[in-house]
Structures are given as structure tokens and as C-alpha cells.
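Because only heavy atoms are used, hydrogens play no part in the values below, and waters and symmetry mates are left out as well, while side chains stay in. Below, read A as the first sequence line, B as the second, and so on, with proteins coming before strands; counting in each chain starts at 1.
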There are 2 protein chains.
Amino acid sequence: MSTIQDVARQAAVSVSTVSNVLNGRTDRMRPETLLRVEAAIAELQFRPNSLARQLKTGQTPLLGLLVPSIANPMYGMIARAVETFAQEQYGYRVIVGNTYREKDKEAAFLEDLLAHGVRRVVVISSLADEHHLTQAVERGMVVVSFDRRATPGEASGIDHVTPDNFEAGRLATRHLIAYGHTRLAFATVAGLTVGRSDKIRGFLAAAAEAGLQQHARVLEGGPMNEYGDAAIGEVGRELAKSAAGDPHRPTGVVAVNDMMALGFMAGLREAGLRVPHDMSVVGMDGLFLAEIANPALTTLQLPVTEMARAMVERAMSRQSHLEPAAEEQVFPFTRLIERESVGPPPVSETKVPITR
Amino acid sequence: MSTIQDVARQAAVSVSTVSNVLNGRTDRMRPETLLRVEAAIAELQFRPNSLARQLKTGQTPLLGLLVPSIANPMYGMIARAVETFAQEQYGYRVIVGNTYREKDKEAAFLEDLLAHGVRRVVVISSLADEHHLTQAVERGMVVVSFDRRATPGEASGIDHVTPDNFEAGRLATRHLIAYGHTRLAFATVAGLTVGRSDKIRGFLAAAAEAGLQQHARVLEGGPMNEYGDAAIGEVGRELAKSAAGDPHRPTGVVAVNDMMALGFMAGLREAGLRVPHDMSVVGMDGLFLAEIANPALTTLQLPVTEMARAMVERAMSRQSHLEPAAEEQVFPFTRLIERESVGPPPVSETKVPITR
DNA sequence: CTGAAAGCGCTAACAG
DNA sequence: CTGTTAGCGCTTTCAG
């Protein structure tokens, strides 16, 4: 690979002149000089070494992206949008890391990014403890976190971009209640993340509104080791099989996300139960997969592209971690898409009287 | 962030001694010196700047990963395995790029990797033209290509790790034929990649073996702009809808991959056709999603983890692009997993007489 | 308008 | 065993 020196020699100018054209300071030279330099660059197929430039400037056009698992279709969607936007709008490339929601892996990833000179990262984690994140902030990292609310009154220096999980849990549950369901369940996986807790709170709030708090249960499957993977679908499947055997089983279930819902429906089917005839299921995320499922899954649509854009913009806009206060940006789920997985509860079931 | 100089000063040794401990040459110093240096490193929270090291050594612990779209669950699976393996076995991080199978985007990505000092890349592309890849090889890149065979007799310097696509097409088709299907179709998407052509050849070969070449058609949907995305499922859906309307429609279809098959089944359902009662479908890849689909999809299982491991190992083993000849490593699909999407053809259909 | 020169943080001879 | 030193390729004052 040719260097800036080679170009300078070839064009018979000094390296600083070449550097100037590289950095757009073309006004500092005679047009003919510029032409000579450009010709030399083309001829030598010269590409400035990003490493050397970074060492000097301290900035590298790389964005970190930490996800539980890139194999999870939801994170794949987000990753695609983040990468494309970062690249097209800012010329940044992205380094991804699967962390399986393990704190150590997250910390190690952040550590490596720092060593690589990466100063901006989008984190999808929502581990309750974000100490390792604030630590990265202190070391100069601009971090944007997905799927967890900012801790009120705490200036962590972290930007938060998150879905309105509480509202989502409430909306999905209300939808079931509107269809007449009185035995409700929320299907989730072991390990409480901030986002999951919020959804559960919303679920419980909607049940309480309808006087159904006695009949609202949280079903927790797992745990699993490769979180975020196909594993969550698998957990849903197992959960459904055990729920199906319960004579007092719920008639309407809200799944923590679409993959869980899809797995849950598969488990129900294996147990001989039909959706929505025997049980109704609503998901969250709005994956394309929900659309082609059988029955097609009723779900809440999350504005993935918009959120990805917001995360990248926040990560890029701040010149350093020292800048203005970090902010929280909450995105409502766009809407509830009614499809086939929700119907009235089976008539044979004993109805629970509604209190009010 | 503290530097090696700070550490040296703190430990009252020279920078080279610190560098020596950093690089494991601990035998060159007194144990007590080592201790002092380690203490200083810990105290200052020193992390060697990877950039500076790279500039000096010319090697950076980064692996490029070029995919059509990380949102495609199949590539998500591969990416997860590649990243995890590269990280755990070699301490490498990975830079991903979505290229949507566009040659320009692929070339630009390779270009950026080179500028970043990245010297190893795993490419999932299978564009017929791999000129931009060989060009990268010439510039010092070690490239491992997925899903395309090596061009016989051409020493491109590229390693190839690929499924046995021809055999897969043939196996899937034979499975349908064994069930008595005589009207066959191969569902794919516009834009012939090497892998897709091989599958089609296998499909045609199996049909010919059974004297069914007159009744084997290739159904091509699309094109689409965001290849590899949900888009391929969508294409399958549309393709199924139009195929359903044809009175001479096939009774058995082989889909180019699971996402296509899943979309195809959804389209069939929307058109009022049942699987496998009215039409049988077999996929390829063995995604977890195939397992929870309704009906569960019969598919060919690809050994994703093993292939990812092979790709990373190849990318890492070669010390430079100049080394030994590049090789081709072909992985057979592990097996055909029979589930619910394949059955005998509908009896009402006119049977095509089998020639031999 | 153009060139010389001082580093960015680290590695690796080469001396002591 | 430990220190000195010359760069890796580029950017950026500061002089001409």
C-alpha cells in the first residue's frame, strides 16, 4: 500500500500539501498543484491509512454496537438499520459484539472499543446494573442505551432511547380485555431487564384497571444461556406446553416480544390447543415474521428504523461525553396491528366476574 | 487515558520494559520489576492503545464480515457464530457491513477495511463477479468467501467455504418425488447468485433423474431492493399468491431457503391453499423459525456453527494473502429434517406419467 | 502557496 | 536484566 510520502514524491510536492488536499484545504494551493496531487493519488491507488490518522486525531470513524445476540431477528433488524444509517449519514463503520446479556462480556467489549479508539457506542442491554456503562462514559465514551429508561435524578451521562414499554404492556393487555378475556398471563423469560419489568407493570396496571388483578399471572420461562437467540422462542414453546396442562390456564396471554409469542403459539399447537380459539396471544415488536405466522400474530409495532436513526444521531451529535446533559427519548409503539391470534375467550371456560 | 510512558514513570522503569510485559516477554526481567509494572498498570487503569500498536505492527485484531443484510435471520445466525468464535478463540472483534448484494457497497466496505488496517474478512456475497474480491486480495486482504464454489482452475487467492448447494437442491427435490410429486417448482428470487444457480441445477438434475424435466419449473419472484431482509419472505409470499392462481400449478415446491419457504407458505394460506394438503413445501437452512412454523417446515439443515468456525479458522490461519494456495471446503447439509410441510400430492390433480 | 518538523502511543532492535 | 532510539503514516503548526 502506498503512503502519503509516495504520493508527495510522485507529485513532487511535500507531504503536507498532500495532507491538505486529503483534508479539503484545497484553497491553500495552486489549482495545478491540486491536479498533480490528485493524479498521483489516482495513479498510486493511494488510500490514507485510517489508523495513522486516528492516532493523530484521536477520532476513529467507528461505532460500537453491543447486542445480546445478533441472531435474534429483532436485534438483527436494529443492527441493520443502525449500520446502514451510520454508514450513509456519517461514513462510520460498525463493530458489533454479542454479549448474551452478561455483564462481563459487556464490560470487555466496551474495554476493547476504548482500546481501539472507538468513542461512540449503542448499547442494547438493559441489565439493571449499568455501572460498567457509566464507567465507560467516564473514560470518554459517548453511550446511547436502548430499551431502558434513564434513572431519574441520576446524571449518568448516558443517552437513553427506549420504547414505551409500560404503555405497551398496558395496551396489549387492554386489547385482550376488550375481547372479553378475564384470565390473563404475561409470558416472559427469567432475568428481569428494565424493559421487561416495565412491560409487566403495564400488564398488571391494565389488569387492575379492569379489576382483574387476581387473575393476572406472570409466566416465567427459562433461564437460557444464549439469550436473544432462537432460545427465547424455545423458552416460549416450553412455557406454553406447561401452561397448556393447567386446568386454570389463562385464556389471553401477552408475550414479552414476538419471538416469545411465536414460540408460545408453537408450544400451544403441540399441546393440542388452538389459537385464538382456545387461547389468544399478542406479541410486541412487529417483526415481519409475525405477519407470516400461522395464525398471523397480533402485535404492537415498534418504529425500529426511527429508533435506530435516533440512536445513531445521538451517538454522533455529542462531540464528547462531557457535553450537555444526556437525554431520554421515549418512543411509543406505533400501533397495535390486529391479525388472527386474538379472539374472544372460549365459551366453555368459567368466566371470572368483572368487579367494576 | 494513560499511556505506556505514564506507566513507565510510575513503575520507574523504561517504556520498553513495560512493552515487554505487555507482550509477554516477562522472562526478560526480574520478578520484582514485573510486579512493579503490573501494579502501575493496575493503578493507572492502563490499557494499551490498540491503534498505536497496530500502526507499528501492521496487524489489527479486527475481522471484517460482509453480509447482504444482517436483518436476515440466516445471516444473523452466521454472524453470531462468527463473532463469538473470532472473539473467544482469537480475541478478534468484528466489523460488519450490510451490502445488499450491491457490488459498489461491497467494494466500498473492503476499501474501508483496508484503510482501517483490517487484513481478514469473511464475505457472504456470491455475486457472480468477484473481481472486487480478488482486488482486495492483491492489496493484502485474506478473504474467505461463503456460499460460492471456487472457480476451477483460477487461483484467485480466495478461500471458499460453502454448502453443497447442488446436492441440497437435488436432495430436497428427490424428497418431493419420493412422496409422489410430479409437478415440481423451485421458488427463488431474481438475481442469480452462484449458490442459487447450484441449487437450481440440483433441482433440475433430480427432476431429470425421474424423467420429470418437462414438469419442473423455476419460479422467480422479486426483484427486491433490500435483499436478505424480510424482503425475501415477502417475495415468497407474492410468488405463492400468483402461483396459486395457476390451474397447472406445481404440487411440490423447493424453496431456495427457509425464509422464502416461510413466506411462500403464508402466501399459499392467503390464497386459500393448505400445506401440505394442496401443496408441499421444502426449505433449506434449518432456521429455528422453520421448527415453530405452522405447519412446521421440512427443511435441510445446514451446519451453521461448524461453517462459521471453518471460516474464521481459515481467515485466521493464513498469515498473509501470499501464503499457500487458497482452498475450497464444501459442507454437505447435515440432513433433511422431515416435519409437516411435505405430504403426498392432492389426489384430485392429474398425475403426470412417470417416464421411467 | 509550500515545506520542514514535531509528535500521536507503541514496538523492537540494539546497546549497555 | 533494562534503557535508548528509530520509526509506523498521518496531521498540523510554524516558517519560508
Side-chain angles (χ1 to χ4, degrees), chain A residues 1-38 40-41 44-62 111-119 139-140, chain B residues 1-38 40-41 44-62 111-119 139-140:
Chain A
M1 296 215 67
S2 40
T3 75
I4 199 173
Q5 317 272 0
D6 301 330
V7 176
R9 199 175 316 119
Q10 172 92 8
V13 297
S14 74
V15 293
S16 50
T17 299
V18 179
S19 174
N20 282 336
V21 351
L22 254 30
N23 294 283
R25 290 182 286 267
T26 51
D27 52 320
R28 296 200 198 168
M29 67 199 73
R30 220 166 352 203
E32 56 196 82
T33 310
L34 173 59
L35 252 38
R36 270 215 321 285
V37 173
E38 284 174 339
I41 288 177
L44 270 47
Q45 287 211 60
F46 169 75
R47 298 277 308 175
N49 180 324
S50 179
L51 247 40
R53 173 177 281 173
Q54 291 159 41
L55 184 56
K56 190 67 191 173
T57 63
Q59 279 276 331
T60 169
L62 249 24
E111 199 64 61
D112 276 9
L113 290 183
L114 247 5
H116 276 291
V118 178
R119 288 291 169 275
R139 306 237 255 128
Chain B
M1 297 217 68
S2 40
T3 76
I4 199 174
Q5 317 273 0
D6 301 330
V7 176
R9 199 176 314 121
Q10 173 91 10
V13 296
S14 75
V15 292
S16 51
T17 299
V18 180
S19 174
N20 282 336
V21 353
L22 253 30
N23 294 283
R25 290 182 284 267
T26 50
D27 52 319
R28 295 200 200 169
M29 66 199 74
R30 215 164 1 198
E32 56 195 82
T33 311
L34 173 58
L35 252 38
R36 270 216 320 285
V37 173
E38 283 174 338
I41 289 178
L44 269 49
Q45 284 212 59
F46 169 75
R47 297 281 306 175
N49 180 326
S50 178
L51 247 40
R53 172 177 284 173
Q54 291 159 42
L55 184 57
K56 186 68 191 174
T57 64
Q59 280 276 334
T60 168
L62 250 23
E111 198 66 60
D112 277 10
L113 290 182
L114 247 4
H116 276 290
V118 178
R119 288 291 168 275
R139 306 238 255 129

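Partners of B:R47 according to the salt bridge (charged side-chain N to carboxylate O under 4.0 Å, His left out) rule, which considers only residues two or more places apart in sequence or in another chain, are A:E111, A:D112. Judged as a side chain to side chain contact (heavy atoms under 4.5 Å, CB included), and not counting sequence neighbours, the contacts of B:A52 are A:L55, B:N49. Residues that satisfy the side chain to side chain contact (heavy atoms under 4.5 Å, CB included) test with B:S19, not counting sequence neighbours, are B:I4, B:N23, B:R25. For A:A40, the side chain to side chain contact (heavy atoms under 4.5 Å, CB included) partners at least two apart in sequence or on another chain are A:V7, A:Q10, A:A11.
Among pairs with a residue in residues 8-20 of chain A, those fulfilling salt bridge (Lys or Arg N to Asp or Glu O under 4.0 Å) read A:D6-A:R9, at least two apart in sequence or across chains. Contacts classified as salt bridge (Lys or Arg N to Asp or Glu O under 4.0 Å) and involving residues 52-61 of chain A (residues at least two apart or in different chains) are not found. Listed by first and then second residue, the salt bridge (Lys or Arg N to Asp or Glu O under 4.0 Å) pairs involving residues 15-24 of chain B amount to none (not counting sequence neighbours).
Among the atoms of the strands shown, only primed sugar atoms or phosphate atoms (P, OP1, OP2) are found under 4.0 Å from some heavy atom of A:D27.
One axis for each end of the helix from C:dC1-D:dG16 to C:dG16-D:dC1, each built from five base pairs, and the angle between them comes to 50° at 10° resolution.
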Q.
Please encode protein proximity along nucleotides 7-16 of chain D as a string of B, S and -, counting only heavy-atom distances under 4.0 Å.
A. BBBSBB----
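Side-chain N or O atoms of B:T60 include none that pairs as donor or acceptor with a backbone N or O of B:G117 at under 3.5 Å.
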